[in-house]
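Worksheet: the structure to be examined is printed underneath.
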Amino acid sequence: MSSPGYLPLQGQTALVTGASSGIGAAVALALGAAGASVGVNFRSHPNEARAVVNRIREQGGRAVALRADVSLEAEVQVMFAAMEDTFGRLDVLVANSGIQQDASFADMSLAQWQRVLDVNLTGQFLCAREAVRRFLAQPPSQLSRARGKIICMSSVHELIPWAGHVNYAASKGGVMLMMRSLAQEVACHSIRVNGIAPGAIRTPINRSAWSTEEAHERLVRLIPYGRVGEPEDVGKAAVWLASDDSDYVVGTTLFVDGGMTLYPAFKDNG
Ligand code: NAD
């Protein structure tokens, strides 16, 4: 058991993409509370990003807001350079930004398909590539056994097919094998790459799935543990995966889903 006051990420630096809202904001706050200096990436909501930065500072931590569209190579490179200018090095990347643009398959436009792949998959590629380059270029950490840690925010839909959301499910399936292949490639450099697959977490991305009583009831039927997840549930998992407490965990997806991937419809003999 860890001792009181133990800060598993003390002195380390972490960049979280899509951190102005939802899961990303909770992850940024949790990493900050665990002692990390945090880059709070946002694309279009500077005030919300600044609010997250201020909350981390109020907890006694260090944080900076960094604008970038993760699907654009040049903006990603500028963001990583700004992170290094501000904090000197990078220890943890949480590639969290993601979007949904839903349509039935026959009605899905190429633009809807492309944008979701660009943000959810290419965005993670661009950020993870930049992180790996920096992990390899900077001196090894004095504070962590790993040279660097990457956490890819996936989804239960890396596993569960999702009709009406084929672009999203394809992007998360891609994230899963990108994460595992990258983990296989860079583990020899002491870089740990893992994923988190949230189930239904109460955030803006899925507001329609929990904001009315009827929708909430329908959603909870899919969750054996009987409650919708909170962004903080994912924040805690991210702290563990970013810290040396999970030092021997490499190339794994941690499902934070209240059992959603246990096929609850089969509970009573299917
Ligand atoms: P959210 O909408 O609050 O967060 C998504 C974030 O990504 C936002 O801050 C948004 O500004 C940012 N973003 C979007 N496009 C971007 C771009 N081009 N560049 C940079 N940032 C961009 O929703 P959330 O639920 O917090 O989602 C966070 C991640 O968790 C996503 O990858 C999502 O797929 C995943 N996820 C969420 C759930 C859930 O139930 N909420 C479940 C599984 C997976």
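Atoms within a ligand are numbered from 1 in the order they appear, just like the ligands themselves.
- Listed by first and then second residue, the side-chain hydrogen bond (donor to acceptor under 3.5 Å, both in side chains) pairs that reach into residues 178-200 are R192-S246, sequence neighbours excluded.
- Judged as a side-chain contact (heavy atoms from CB on, under 4.5 Å), and not counting sequence neighbours, the contacts of A19 are V16, A28, V40.
- Annotation: side-chain hydrogen bond (donor to acceptor under 3.5 Å, both in side chains) contacts involving residues 66-75, sequence neighbours excluded, comprise R67-E75, D69-S71, D69-R115, S71-R115, E73-R129.
- Defined by atom type and a distance below 3.5 Å, a donor-acceptor pair is present between the side-chain atoms of S144 and D244.
- The immediate protein surroundings of ligand 1, defined as residues with any heavy atom under 4.0 Å of it, consist of G18, S20, S21, G22, I23, N41, R43, A68, D69, V70, N96, S97, G98, I99, R115, V119, M153, S154, S155, Y168, K172, P198, G199, A200, I201, T203, P204, I205, N206.
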W162/H157 under ring-ring contact (aromatic ring centres under 6.0 Å, His included): CA gap, chis, key distance, verdict: CA-CA 7 Å; W162 205 13; H157 296 296; 3.9 Å; yes
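- The shortest side-chain heavy-atom distance between L15 and L66 falls under the 4.5 Å cut-off.
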